[in-house]
**Student:** 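Below you'll find the structure I mean.
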Amino acid sequence: MTAGTQNGSVGIVVPQTAHFEEPLLLACGRSLPSFDLVFETYGTLNPQRSNAVLVCHALSGHHHAAGYHSESDTKPGWWDECIGPGKPIDTERFFVVSLNNLGGCHGSTGPCSPNPETGKPWGPDFPPLRARDWVNSQARLADRLGIGCWAAVIGGSLGGMQAMRWSLEYPERVQHCIVIASALKLSAQNIAFNEIARQAIESDPDFAGGRYLEQGLTPSRGLGLARMIGHVTYLSDDAMANKFGRDLRSGTFEHGQEAAVEFQVESYLRHQGSQFSGNFDANTYILMTHALDYFDLAREYNNDPVEAFRRAQCSFLVLSFSTDWRFSPERSREIVEALIAAQKPVTYADIAADEGHDAFLLPLPRYLDVFGSYMSRVGEQH
Amino acid sequence: MRLDLTHIQRWIAPGARVLDLGCGNGEFLEQLQNARDVDGLGLEIDEGNITEAIGRGLNIIQQNMDDGLTNFPDQSFDTVVMAHALQAVHFPDRVLDEMLRIGRECIVTFPNFGHWSCRLYLATRGRMPVSKFMPFSWYDTPNIHFCTVKDFQQLCEQKGIRILEKDMIGNTPREPLLASAWPNLFAVTATFRITR
């Protein structure tokens with residue numbers, strides 16, 4: 001089976017908004033009086049409502065995971081390689097729900113939304129969120145859609161953390177938990193990179209202490225820089241060498257030439273940075289990186305992941321990528337080790353890939369095969 | 001299914017928690033799950049095998065035994081199986097120790113290098129045996145630690161490993177008798193149930 005590359009698309013998709021009036025108590029102690037979640041669905045919910053799959057997004061993701069928003073759309077959703085007819089998350093089989101997390105900047109309530117108390121954008125006053133807040137809000141969405149139990153909760157990176165949290169917070173509502181390129185908690189090095197990214201944003205004068213929206217400013221330099229740093233950590237040394245090497249975009253090293261030399265990798269990173277800063281909110285970036293840093297699956301279980309996973313009632317698929325140094329295979333193996341010790345059903349594969357952390361978004365044949373095989377088994381149970 | 005796998009099935013209690021080291025494409029584990037309703041986990045390094053085993057609905061961990069098995073807690077499985085893999089690991093003695101730490105019981109099967117055909121091959125041709133059963137040339141083989149039945153039994157003795165049961169598999173219908181009587185000469189495959 002080589003699902004993915006030659007298979008279909010879910011086609012044109014239309015985002016929906018769910019409004020929730022019931023206050024949501026957050027881990028930080030504050031509560032959101034009401035909130036919106038923007039989401040998309042692909043495929044059809046079966047009459048038994050047993051084929052629903054939740055896709056949790058990573059740091060810079062959103063609800064638009066598959067398909068296109070219009071005929072003229074040039075790029076599909078962020079996980080189109082894995083979601084669609086005949087793809088690992090087969091929309092012929094599953095009803096897929098993908099949402100923009102709370103605190104996001106693609107339509108769900110977040111720092112850009114108006115603070116009901118002031119009428120101004122929340123900005124830096126938006127409550128800090130943790131993965132469990134996302135999980136709780138996602139559970140509300142599941143209730144709204146009439147989904148009692150997910151056939152699978154799936155996520156890569158930060159999304160994998162949400163999937164694991166789901167398995168502990170709502171053990172009876174998850175049958176399979178699929179954790180891709182994730183970790184039980186971030187390492188000091190991970191947190192360090194996130195802090196550099198935050199500092200890049202906060203030191204942009206246009207950040208204005210996070211109140212840039214009120215002042216009609218956009219901290220695009222800071223946000224662009226933050227993305228550049230992040231982007232480097234998502235790629236492997238080999239991936240960058242293969243993609244750019246030391247190729248020049250402009251200039252020359254010829255003797256006697258003074259024209260400025262620009263490497264391809266410089267121009268690529270700047271492009272990524274500026275593109276991102278036009279589509280993403282700085283406060284959301286700060287909020288999401290903090291949520292990543294704070295995540296520690298086992299904190300409330302005596303710091304023992306085995307004790308934590310004992311709560312889970314689902315089966316697990318854990319995947320890592322060989323050159324991922326942001327969420328290295330070692331981190332995935334810690335998850336697997338804890339699951340084995342907790343005597344939970346677990347399958348683990350480390351996918352050989354040059355592409356680093358980014359690999360989880362790419363159509364790598366073995367990745368799609370393993371993921372697809374596992375998902376077939378999820379599908380057979382309905 | 002390979003004969004040794006059919007033979008050792010009866011040594012696994014229904015409903016047991018089983019770890020299969022080097023589980024291949026998962027054929028055996030699947031059979032055990034169907035026939036004896038075991039709670040199985042497989043360890044494998046071959047990518048194709050792993051995908052196939054996942055497709056069978058099995059729980060498989062991609063892991064190289066030669067990197068150690070420290071991620072498995074003491075006495076966390078009823079039975080640890082290693083079928084036709086002992087000869088392919090770097091430190092068979094250490095893997096045996098680890099198996100006995102992880103499992104209350106272990107089942108080991110391996111090709112018997114003491115079989116008369118190996119001896120004959122070596123004696124007459126003066127070269128490392130290559131057969132349908134062991135199809136690799138000496139310089140390019142996964143089987144780096146061949147042993148004989150006697151060798152294995154001696155290792156068990158040295159290590160204080162108790163042999164609970166053994167079953168010798170011969171080549172032909174007539175050979176089971178010969179294989180039980182003179183295992184080191186007539187067993188093609190040796191199967192042992194051991195504990196500490």
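These numbers come from the heavy atoms of this one structure, side chains and all, not from hydrogens, waters or symmetry mates. Throughout, a chain's letter reflects where its sequence line sits, starting with A, and its residues are numbered from 1.
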**Student:** Would you give the length of the straight line joining atom NZ of A:Lys344 to atom CG of B:Asn59, rounded to the nearest 0.5 angstrom?
**Tutor:**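 Atom-to-atom, A:Lys344:NZ and B:Asn59:CG are 12.5 Å apart.
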
**Student:** Heavy-atom distance under 4.5 Å to chain B: side chain of A:Val370, backbone, both or neither?
**Tutor:**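 For A:Val370, the contact with chain B is made by backbone and side chain together.
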
**Student:** So which part of B:Ile54 gets closer than 4.5 Å to some heavy atom of chain A, the side chain, the backbone, both or neither?
**Tutor:**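 Both backbone and side chain.
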
**Student:** If you count heavy-atom pairs within less than 4.5 Å of chain B, which of A:Glu334, A:Glu337, A:Arg333 leads?
**Tutor:**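 So the answer, after comparing A:Glu334, A:Glu337, A:Arg333, is A:Glu337.
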
**Student:** If you round to the nearest 0.5 Å, how far is CD1 of A:Ile340 from CD1 of B:Ile61?
**Tutor:**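 The CD1 atom of A:Ile340 is 4.0 Å from CD1 of B:Ile61, to the nearest 0.5 Å.
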
**Student:** Distance from B:Glu47 atom CD to A:Asp350 atom CG, nearest 0.5 Å?
**Tutor:**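 So the gap between those two atoms works out to 9.0 Å.
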
**Student:** For a 4.5 angstrom cut-off between non-hydrogen side-chain atoms, does A:Arg366 reach B:Ile50?
**Tutor:**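 The answer is yes, as the side chains (C-beta and beyond) meet within the 4.5 Å cut-off.
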
**Student:** Below 4.5 Å, heavy-atom pairs only: which of A:Ile351, A:Val346, A:Val318 has the largest tally toward chain B?
**Tutor:**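 If we count pairs closer than 4.5 Å to chain B, A:Val346 comes out on top.
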
**Student:** So which of A:Ala352, A:Ala341, A:Pro345 has the largest heavy-atom pair count under 4.5 angstrom toward chain B?
**Tutor:**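 Most heavy-atom pairs within the cutoff with chain B belong to A:Pro345.
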
**Student:** In Å and rounded to the nearest 0.5 Å, what is the CG to CD distance from A:Leu319 to B:Gln62?
**Tutor:**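 Rounded to the nearest 0.5 Å, the CG-CD separation comes to 9.5 Å.
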
**Student:** Should we say atom NZ of B:Lys150 is surrounded by more than 12 heavy atoms from elsewhere, each under 6.0 Å from it?
**Tutor:**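 No.
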
**Student:** Between CG of A:Leu339 and CG of B:Asn71, what distance do you get to the nearest 0.5 Å?
**Tutor:**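 If I round to the nearest 0.5 Å, the distance is 11.5 Å.
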
**Student:** With only heavy atoms counted, which part of B:Leu19 is less than 4.5 Å from chain A, the side chain, the backbone, both or neither?
**Tutor:**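 No part of B:Leu19 comes within 4.5 Å of chain A.
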
**Student:** What part of A:Gln343 gets closer than 4.5 Å to chain B, counting heavy atoms only: side chain, backbone, both or neither?
**Tutor:**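 For A:Gln343, the contact with chain B is made by backbone and side chain together.
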
**Student:** Identify which part of B:Arg56 has an atom lying under 4.5 Å from any heavy atom of chain A, answering side chain, backbone, both or neither.
**Tutor:**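 Interface part for B:Arg56: neither.
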
**Student:** Check whether more than 12 heavy atoms from other residues, nucleotides or ligands sit under 6.0 Å from atom CG of A:Asn303, and answer yes or no.
**Tutor:**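 Atom CG in A:Asn303 is crowded, with more than 12 foreign heavy atoms closer than 6.0 Å.
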
**Student:** Is A:Gln381 atom CD crowded by more than 12 heavy atoms from other residues, nucleotides or ligands, each under 6.0 Å away?
**Tutor:**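 Counting neighbours around CD of A:Gln381, more than 12 heavy atoms of other residues, nucleotides or ligands fall under 6.0 Å, so yes.
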
**Student:** Pick whichever of B:Thr70, B:Ile60, B:Leu58 has the most heavy-atom pairs under 4.5 Å with chain A.
**Tutor:**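 Of the options given, most contacts go to B:Ile60.
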
